[in-house]
Structure formats: structure tokens, C-alpha cells
Number of protein chains: 2
Amino acid sequence: MADSAPRTIPEATVTRLPLYYRSLLQVAETDLATISSERLADMAGMNAAKVRKDLSYLGSYGTRGVGYDVEYLLHQISRELGLTHDWPVAIVGLGNLGQALAKYAGFSTRGFKVAALLDADPAKVGMAVGDLSVEPMDALDRLVRDRSIAIGVIATPADAAQDVADALVAAGARSILNFAPAHVTVEPGVSLRKVDLATELQILSFYQLRRSNPSGDTTSGDTTSGDTTSGDEAMPPQVSSAQVS
Amino acid sequence: MADSAPRTIPEATVTRLPLYYRSLLQVAETDLATISSERLADMAGMNAAKVRKDLSYLGSYGTRGVGYDVEYLLHQISRELGLTHDWPVAIVGLGNLGQALAKYAGFSTRGFKVAALLDADPAKVGMAVGDLSVEPMDALDRLVRDRSIAIGVIATPADAAQDVADALVAAGARSILNFAPAHVTVEPGVSLRKVDLATELQILSFYQLRRSNPSGDTTSGDTTSGDTTSGDEAMPPQVSSAQVS
DNA sequence: CCGAGCTTGTGATCGAATTCTCGAAGTCTG
DNA sequence: CAGACTTCGAGAATTCGATCACAAGCTCGG
Ligand SMILES: NC(=O)c1ccc[n+]([C@@H]2O[C@H](COP(=O)([O-])OP(=O)(O)OC[C@H]3O[C@@H](n4cnc5c(N)ncnc54)[C@H](O)[C@@H]3O)[C@@H](O)[C@H]2O)c1
Ligand SMILES: NC(=O)c1ccc[n+]([C@@H]2O[C@H](COP(=O)([O-])OP(=O)(O)OC[C@H]3O[C@@H](n4cnc5c(N)ncnc54)[C@H](O)[C@@H]3O)[C@@H](O)[C@H]2O)c1
């Protein structure tokens, strides 16, 4: 069967596909040939209905009464995510974080390949990290072009983030992952995601506080609302953030 | 004064408070005493209505016709997020990433303080990173207790993540930030958030693919990049994921 | 003191995402 | 081959989040 599914995968589903992918990779290492939505849900920390709904956006790849063929599903997801070939990635800013990223092995095993390292600091240029050496910023255009780099990672200080993003886009990158704690805007047609350590910790902090101090702070002493039953209500879920266009 | 607001801040709002906080810190460095929802929205990459709605959950801290008092709002948000004092954080796993995190300055400037470093590798124990030295895992209980650590960061390989999480929880930590690409479960009452580089890149990859190849067929080969001229519709938004309990 | 001009706060609306449910479709056993 | 059992797929219901739209409240000029 060819496909003919309504090619519209909800945003929320897209963010979960990598989780399923990861879990499926684990399963593939065992000898199990198929997996049920329920088991996959357990592994990924989801619930079965959501898994099925998500996977159904890709097409009907399951078999009722049996489950999903692991290899086949892996193939479908990797095709959907574009992991059938490695994406060359450029890392900009080879400080603490940038170097850790550059040396990170898991990078290459998940569909990506560090293809260029750049830094504005002349002292850093020429330095070898992993099996690449750090290049100066003015080599960006050339590197992006010659190495077909579409994804750029920003690991510079916050105040350089926007400039670096602009440079990456100007050079031709169309996807950016920003680790700097700064808001960056990019033109429509370029994807941007961000990872911010402080944000994550602050979210944890919020719920941590709630748990030990259910009221707001100032006075009060109501709340307690809700059904709640077992003491486990003020708990968090999770998210990150990003943006496009 | 007079609170009694329905103390229920939506999950989605909680994840954005840190962004507002960050933007407000920037504004506070200028001489502006107040800021409008519109300007704050610009800075944080949101829209004004959302900002107002979010802030309204904290209480009515704005002044119509004027905007929000920067200092006051900062204070309120930091109180809500529990940033009025520094949270001691333990980092487990001092490899590439763990060391970068331990040396990360921005940590301390955002309401957190690295209070303990732990690693299972005897070769790593004793090593100095920043101004702490790495401790063995069996010191975890003592460190968490003595240093009032509530938040643990996991930077170990994926296969150790669950064990480390269990150890952290057993020691008394109630919030965990997991950098390892593995699904970890924790008991109710403990918050868990995760950051996964590969997931982020894969999401970017998905949209990157969509842009250059609207259908969805395979045939890898090489990138047919050639810059797609500004297509501008199949674009992504963003999110991350996490989970609780 | 009044009216013009901003900007907030929030009810109402819209839409997206999650969860519930259950019929459909397959396997397996005897 | 029938019947019991498993598990998917997807409509319906529900929850949650984003956006709209506008009255209310504040400042300031005159
Ligand atoms: N270190 C961490 O664990 C960590 C964690 C989360 C977020 N971050 C964020 O990641 C970023 C990098 O952190 P770090 O600790 O590696 O900082 P760092 O100061 O060690 O490294 C920054 C690097 O960026 C380079 N740089 C500066 N301006 C540049 C420019 N305009 N173009 C290209 N390169 C430039 C510098 O030369 C330096 O090598 C920061 O924004 C930080 O907030 C770091
Ligand atoms: N390096 C990166 O840039 C990067 C980026 C994203 C995610 N990650 C993830 O972060 C984790 C750490 O990455 P890394 O590159 O630092 O790896 P690494 O191998 O350099 O370091 C792992 C550290 O964890 C320690 N460790 C192993 N088992 C342990 C245990 N049971 N208890 C305590 N400590 C233990 C090891 O001794 C080692 O010091 C990995 O899961 C990786 O996938 C790394």
C-alpha cells in the first residue's frame, strides 16, 4: 500500500515521535519482532491511547491483535523524521558546552553528524575537538555550503546568540537549536528550538515550592481544593518551548 | 493585598514564567521602571494577550494605562518560582556534559547553586571541577541531607539514569532534571523533567525535511538542499516534553 | 475636573490535544 | 473452523491552551 494518509502530523505528535523512536531502538535490540501500543507506551512514559493516535497519523502500520512490527515501524518513523541519512550539524561556540557537544558520541548514533565547529575567539580557532578543528566565523558560509549543513547549534553566550543565528541563516542553515538563554528571532522558513537549563530548573523550582508550601506565600490558607485523594497533586508535567517562523 | 486569587497556575503558564523573568531581568538593567505587556511579549517572543493572561494568574500586578512595574513584577515572579533563595543542586555524572554543567556560570546567576558533584567512577572521584570536588555515589545520602539538596541533575549514560534517579529520590531529592536519553520513572510527589538533545534535533529534522520535501518519500541519496527558496508554510513551532509523578 | 489616550484584566470563543470507548480485524487454541 | 482473546483505529467527548475583544482603570494635558 502506498500512502495516502492526510499528511498533517500535529505538532504535539512530532515532539513525541523521537521518544517512540528511541524506545523502539531499544526493543529492536531484543528479539521481539512486534510490540503493542501498551508496552511501547510504558517504555516511553506515555499512555497507550496516545501512542496509537500518534502512530495512526503516520498511517495504519499496526496489526490488530498483534501490535506493531518493530523494524517496520522504526523504518517508518525514521523516514518521517528524516533520519534515513545523517544530517550534518554545525556547532557555533566551543566553550564548555560547545566542546561537550562536539565530543558527544550520542550525536552520531542518532541521525546527526557534527560537521563543523566555529568560534569567534582567535584563541579557539585551530583547536582540535574530537576529530575536527575549530574554524573562524568567516568560514561559516563556505562550510555550510561545502558540507551541506542545514542545522546549526548555538552554544555561545547569550548576547551573541542573535548575531550567530543571523549568520547561520545567512549562510543557509534552515534549522537552529539554541542553547543560549536569549530569545532569538529568525525569518519565516527557518525553524528554531531552544533548550534552556535555567528555565527547566526554574520550572522544577516552582513545583518544588508548591509542594512544600501549598499556599502562595502571603497569608492565605485555603486551597486544598480539588479531589486529590492521595497526596500527589501539585505535580508538574513538562514542556519546553520554541517557536518558529 | 487581598489575595484569594484562585491559586492555580496552568502548566503552560508555568513554563513561560521563566522567559518573562529572563526578559524582565534584562529590562531591569536599563532605566525603564515599567514595561507594557506588548513590549514584554516582543522580548520574550510571545504575544501580548498571552503575556497578560499569564501574568494575571499571579495576581493583578499591572497598572492600566501604564504597564507593569519591572521591579515589582520581577519580585512576584521570583517569589512564585521560588527564586528568592538559591536552590542547591546536585550533579550526578561528571563526564563531558556534567563537567560543562558544573563549570557553568549562568547556573549561579539564575537562582541555583551547584552544591555537590557525584560520580560512580573511582577515577573521577576526588577530581576538582570548579570549586567542588567529585564525590563517590555512596556519599549521596549525606550530601543531600547536609546540603539541603532538593534538585538533582542526571548527566550519566542512559543506562544508569534510572538507578541514579532512584538513588536521588531515596536520598531525598524531590526534583530531577534528566539529560540522559532514557525514560525514567519516579514516584508520585517527585517532579521530573528531561532535556534531550537528540529529540530536539530530530524535531528540527522533521520540519527541515518537510520543507524540502513536502510529500514524504524516501530515496535518500544526498541532500537536495539547494535552498528551496523561501517556502514559508510548512514551518514548525516548538515544544519539548516531560512528565511527572 | 474632564476627556483623550493607553494598557490592563478577563469573559467568551475558538481550536488543539488528550482521553474515552468500542467496533473491526487479526491471532491462537482446541 | 469456531470461539475466545488481543490489540488497533478512530469517532466522540472532554480538557486544556491560545486568542479575541472590550470594558475598566489609570495618567496626563489642558
Ligand atoms: N556550560 C553549560 O553547561 C551550559 C548549560 C546550559 C546553557 N549554557 C549556555 O550555553 C552557552 C555557552 O555556554 P558555555 O559555558 O560553553 O560558555 P563559554 O563562555 O565557555 O563559551 C562560549 C564560547 O562562545 C564563543 N563565542 C563568543 N561569542 C561568539 C560569537 N559571536 N560567535 C562565535 N562564537 C562566539 C566564545 O569564544 C566561547 O568559546 C551560554 O549561552 C550558556 O548560557 C551553558
Ligand atoms: N555530552 C553532551 O554534550 C551531551 C549532550 C546531551 C545529552 N548528553 C547525555 O548526557 C549524559 C552524559 O553524557 P557525557 O557525554 O557527559 O557522558 P560521559 O560518558 O562523558 O560521562 C558520563 C559520566 O557518568 C558517570 N557514571 C556512569 N555511571 C554512573 C552511575 N551509575 N552513577 C554515577 N555516575 C555514573 C561516568 O563515570 C562518567 O563520568 C549521557 O546520557 C548523554 O547521552 C550528553
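These numbers come from the heavy atoms of this one structure, side chains and all, not from hydrogens, waters or symmetry mates. Numbers restart at 1 for each chain; the letters A, B, ... are given by sequence-line order, proteins then strands.
- Residues satisfying the side-chain hydrogen bond (donor to acceptor under 3.5 Å, both in side chains) test with A/S205, not counting sequence neighbours, are B/W87.
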Which atoms of nucleotides 15-18 of chain D (N or O only) lie under 3.5 Å from a protein N or O atom, and what are those distances?
unit_1: D/dA18; atom_1: OP1; unit_2: B/R16; atom_2: NH1; d: 3.1
unit_1: D/dA18; atom_1: OP2; unit_2: B/R16; atom_2: NH1; d: 3.2
unit_1: D/dA18; atom_1: OP2; unit_2: B/R16; atom_2: NH2; d: 3.0

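- In terms of the salt bridge (charged side-chain N to carboxylate O under 4.0 Å, His left out) criterion, residue partners of B/R22 (sequence neighbours excluded) are, by chain and number, A/D196.
- Taking atom CG of B/L55 as the reference point, atom P of C/dT8 lies 9 Å away to the nearest angstrom.
- Rounded to whole angstrom, the span from the CG atom of B/L58 across to the P atom of C/dT10 amounts to 12 Å.
- Straight-line distance from the CG atom of B/L40 to the P atom of C/dC6: 20 Å, rounded to whole Å.
- At whole-Å resolution of the value, OH in A/Y61 and C1' in D/dT7 are 19 Å apart.
- The nearest whole Å value for the distance from the CG atom in A/L17 to the P atom in C/dA17 is 13 Å.
- Residues passing the side-chain hydrogen bond (donor to acceptor under 3.5 Å, both in side chains) test with B/Y20, sequence neighbours excluded: B/D54.
- Here the P atom of nucleotide C/dT10 and the CD1 atom of B/I9 are 14 Å apart, to the nearest Å.
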Write out a two-atom table: protein N or O, nucleotide N or O from nucleotides 22-24 of chain D, distance below 3.5 Å.
unit_1: D/dA24; atom_1: N3; unit_2: B/R64; atom_2: NH1; d: 2.8

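- Of the listed nucleotides (D/dG9, C/dT8, D/dT27), D/dT27 has the atom at the smallest distance from the side chain of B/V66.
- By the salt bridge (charged side-chain N to carboxylate O under 4.0 Å, His left out) test, B/R52 is found to be paired with no residue, residues two or more places apart in sequence or in another chain being considered.
- Atom OH in A/Y68 sits roughly 9 Å away from atom C1' in D/dT7 (whole-Å rounding).
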